[in-house]
Number of protein chains: 2
Amino acid sequence: MTQPLYQVKAEFFRTLGHPARIRILELLAERDHAVHELLEQIEIEQSNLSQQLAVLRRAGLVSQQRAAGEVTYTLALPLVRDLLRTAREVLLDQVTGQGALQAALRDSLHESA
Amino acid sequence: MTQPLYQVKAEFFRTLGHPARIRILELLAERDHAVHELLEQIEIEQSNLSQQLAVLRRAGLVSQQRAAGEVTYTLALPLVRDLLRTAREVLLDQVTGQGALQAALRDSLHESA
DNA sequence: TTAGCACCTGATGTTTTCTTCAAGTGACGA
DNA sequence: TCGTCACTTGAAGAAAACATCAGGTGCTAA
């Protein structure tokens, strides 16, 4: 019944691996949002948004609460903010090519190049 | 031609969203590994491993170098180590239920509960 | 130059994920 | 109670990702 750890991790990352879901999480990282607010920011159909929110709910990444006739979503795991920030850093690193540069530098320490 | 940022991010996370690829990255986070070494640790077929390595290569997450008749893979972006660590923290947070607890605590600061 | 090891690639059938549509629920005001 | 607003759910076809197989490349050593 217990899944291997690397499978849980993979599933977790796959949950983040969707444009709409990333946008949702980034918006929620700023502040809580009602569904209709998310809908304004993200150009997908309402029912599709609901589906994606359901995926995030099932994964335990967001939680919802109903109030004043609207449903508001919250980031269930505050640490996700850090994860998103780190991911941005990785992508920045990749884009500026510093990744390759650092690797080359590191190699030059124990190669004769 | 230029893809929206959230799509790039989603693609990035999707690349991490596979059990074998996660294992590869975690092994490479420890130290460089030759393909046959990876094969010993991960229970998939050789050709499948190659496919997954190709995915990681295309995504720019790993790089390969040939030496002494074997191909060795390296983590191309050192920051990926941090990302994997943060992801572990998030999952730990989720599992211990501290996510919900922290959220409740945070809420209790500006609600009257 | 041939053999063999280490690894990569392309094609193919299968599973999974996505999007969309249609129908459904639940709270609230008229 | 009826309608409506805000949102969710289920089903189904389309698209993407996977695993596997067969064949291929490149290096090394005999």
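We name chains A, B, ... by the order of the sequence lines, and we start the count at 1 in each one. Predicted model, so just to flag it, every value in this text is computed and none were measured.
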J.: What integer distance in Å separates B:Glu45:CD from D:dC18:C1'?
T.: 12 Å
J.: When you get a sec, tell me which of C:dA6, D:dC21, D:dA19 is the closest nucleotide to the side chain of B:His36?
T.: C:dA6
J.: CD1 of A:Ile44 versus P of D:dT8: gap in Å, rounded?
T.: 12 Å
J.: Which whole-number value in Å describes the distance from A:Glu37 CD to D:dC7 C1'?
T.: 14 Å
J.: When you measure from every atom of DNA chain C, which of residues 47-58 of chain A have a heavy atom less than 4.0 Å away?
T.: A:Ser47, A:Asn48, A:Gln51, A:Gln52
J.: Quick one: CD on B:Gln65 to CG on B:Asp32, what's the gap to the nearest 0.5 Å?
T.: 6.0 Å
J.: Between D:dA17 atom P and B:Leu16 atom CG, what is the distance in whole Å?
T.: 14 Å
J.: Do A:Arg58 and A:Glu11 meet the salt-bridge criterion of a basic N to acidic O distance under 4.0 Å?
T.: no
J.: Rounded to whole angstrom units, what separation is found between the CD atom of A:Gln46 and the P atom of C:dG24?
T.: 17 Å
J.: Using a heavy-atom cut-off of 4.0 Å across all strands, would you classify A:Gln64 as base, sugar-phosphate, or nothing?
T.: sugar-phosphate
J.: Of the listed nucleotides (C:dT17, D:dC18, D:dC21), which one gets closest to any side-chain atom of A:Arg14?
T.: C:dT17
J.: Give the minimum heavy-atom separation between B:Ile24 and B:Leu38, together with the two atoms involved.
T.: CG2-CD1, 4.4 Å
